Enquirer: 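My structure is below; once you've seen it, I'll send some questions.
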Amino acid sequence: QVQLVESGGGLVQAGGSLRLSCAASAHTFSFYPMAWFRQAPGKEHSFVGGMSWTGGSTDFADSVKGRFTISRDNAKHTLYLQMNSLKPEDTAVYYCVAGWGNRRYEEYKYWGQGTQVTVSS
């Protein structure tokens with residue numbers, strides 16, 4: 001049973017914006033905190049940002065604070081990652097996850113398949 005499906009990745013120039021979407025099952029969306037991770041080539045998964053299961057709070061990695069935001073559409077069971085002022089170092093595969101992983105990728109309960117984001121200089 002597929003729980004998380006990401007979309008919205010692509011190629012963008014530095015300084016541009018992209019919005020990633022993560023469509024979740026109703027159960028997953030309603031009962032689990034959700035987060036975004038990314039993995040650049042040759043590197044481990046790194047935490048990007050997360051939202052509490054109530055949607056009441058968010059937190060972000062220092063590297064994206066002030067540039068990325070997370071929002072949700074409860075009716076569509078979808079989580080969004082709005083990425084502004086993109087930099088080449090933001091290039092990575094972005095993953096949506098759900099669960100209580102405390103910023104440790106392997107400890108989340110569900111993972112999406114990932115979507116590629118490439119930022120050209």
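Computed from a predicted structure; not experimentally measured. In this chain, numbering begins with 1 at the start of the sequence shown. Side chains included, hydrogens not; waters and symmetry mates left out as well; all remaining heavy atoms used.
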Enquirer: Heavy-atom distance under 4.5 Å between the side chains of R103 and D59, does that happen here?
Expert: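 Touching, per the 4.5 Å side-chain cut-off.
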
Enquirer: Any link between L79 and W53 through a network of hydrophobic side chains (Ile, Leu, Val, Met, Phe, Trp, Tyr) touching at under 4.5 Å?
Expert: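 L79 and W53: separate clusters.
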
Enquirer: How about F68 and L86: do any of their side-chain heavy atoms sit closer than 4.5 Å?
Expert: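 Of all side-chain heavy-atom pairs linking L86 with F68, at least one is under 4.5 Å.
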
Enquirer: Using the rule given for side-chain contact (heavy atoms from CB on, under 4.5 Å), can you reason through H45 versus V97, listing the C-alpha separation, both sets of side-chain angles and the distance that settles it, and then say yes or no?
Expert: CA-CA 12 Å; H45 292 91; V97 299; over 6 Å; no

Enquirer: For the hydrophobic clusters of this structure (ILVMFWY residues joined by side-chain heavy atoms under 4.5 Å, transitively), does one cluster hold both I70 and F31?
Expert: yes

Enquirer: If only atom types and distance count, is the side chain of Q3 paired as donor or acceptor with the main-chain N or O of A24 below 3.5 Å?
Expert: no

Enquirer: Quick check on the hydrophobic clustering: are V64 and V12 connected, directly or via other members, by side-chain heavy-atom contacts under 4.5 Å?
Expert: yes

Enquirer: Could you walk me through whether Q39 and Y105 pass the side-chain contact (heavy atoms from CB on, under 4.5 Å) test, one step at a time?
Expert: CA-CA 10 Å; Q39 186 177 32; Y105 182 79; over 6 Å; no

Enquirer: Run the ring-ring contact (aromatic ring centres under 6.0 Å, His included) test against Y80 and tell me which residues pass, sequence neighbours left out.
Expert: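 For Y80 there are no ring-ring contact (aromatic ring centres under 6.0 Å, His included) partners, ignoring immediate neighbours.
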
Enquirer: To the nearest 0.5 Å, what is the distance between NZ on K109 and CH2 on W100?
Expert: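 So the gap between those two atoms works out to 9.0 Å.
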
Enquirer: Side chains of residues 114-121: which donor-acceptor pairs under 3.5 Å do they make with residues two or more places apart or in other chains?
Expert:
residue, atom, partner, partner atom, Å
T115, OG1, G9, N, 3.2
Q116, NE2, A92, O, 3.4
Q116, NE2, T118, OG1, 3.3

Enquirer: Are any of the side-chain nitrogens in D62 or K65 under 4.0 Å away from the carboxylate oxygens of its partner?
Expert: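 Yes.
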
Enquirer: Out of the candidates Y108, F37, Y95, W36, only one should pair with F47 under the ring pair (Phe, Tyr, Trp, His ring centres under 6.0 Å) rule; please name it.
Expert: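 Testing F47 for a ring pair (Phe, Tyr, Trp, His ring centres under 6.0 Å) against Y108, F37, Y95, W36 leaves exactly one candidate, F37.
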
Enquirer: Counting only N and O atoms by type, is there a donor-acceptor contact under 3.5 Å from the side chain of Q113 to the main-chain atoms of E6?
Expert: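 At least one qualifying donor-acceptor pair exists.
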
Enquirer: Which distance, rounded to the nearest 0.5 Å, do you find between the CG of L4 and the CZ of F29?
Expert: 10.5 Å

Enquirer: Return the minimal non-hydrogen interatomic distance between S25 and T28, and the atom names on each side.
Expert: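 It is OG-OG1, 2.8 Å.
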
Enquirer: CZ of R38 to CG of D90: how many Å apart, nearest 0.5 Å?
Expert: 4.5 Å

Enquirer: With a 3.5 Å distance limit and no angle check, can you tell me whether S85 reaches the backbone of R67 through a side-chain donor-acceptor pair?
Expert: no

Enquirer: OG/S71 to CG/L81 distance, rounded to the nearest 0.5 angstrom?
Expert: 8.5 Å

Enquirer: Between CG of L20 and CE of M83, what distance do you get to the nearest 0.5 Å?
Expert: 4.0 Å

Enquirer: How many angstroms lie between NE2 in H27 and NE2 in H77, if you round to the nearest 0.5 Å?
Expert: 12.0 Å

Enquirer: Check the pair Q82 / T69 against side-chain hydrogen bond (donor to acceptor under 3.5 Å, both in side chains), numbers first and verdict last.
Expert: CA-CA 5 Å; Q82 178 67 44; T69 59; 5.9 Å; no

Enquirer: What pairs of residues pass the disulfide bond (SG atoms under 2.5 Å apart) test when at least one of them lies in residues 54-119, not counting sequence neighbours?
Expert: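 Disulfide bond (SG atoms under 2.5 Å apart) check on residues 54-119 returns C22-C96.
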
Enquirer: Could you walk me through whether Y110 and Y32 pass the ring pair (Phe, Tyr, Trp, His ring centres under 6.0 Å) test, one step at a time?
Expert: CA-CA 10 Å; Y110 301 110; Y32 292 95; 5.6 Å; yes

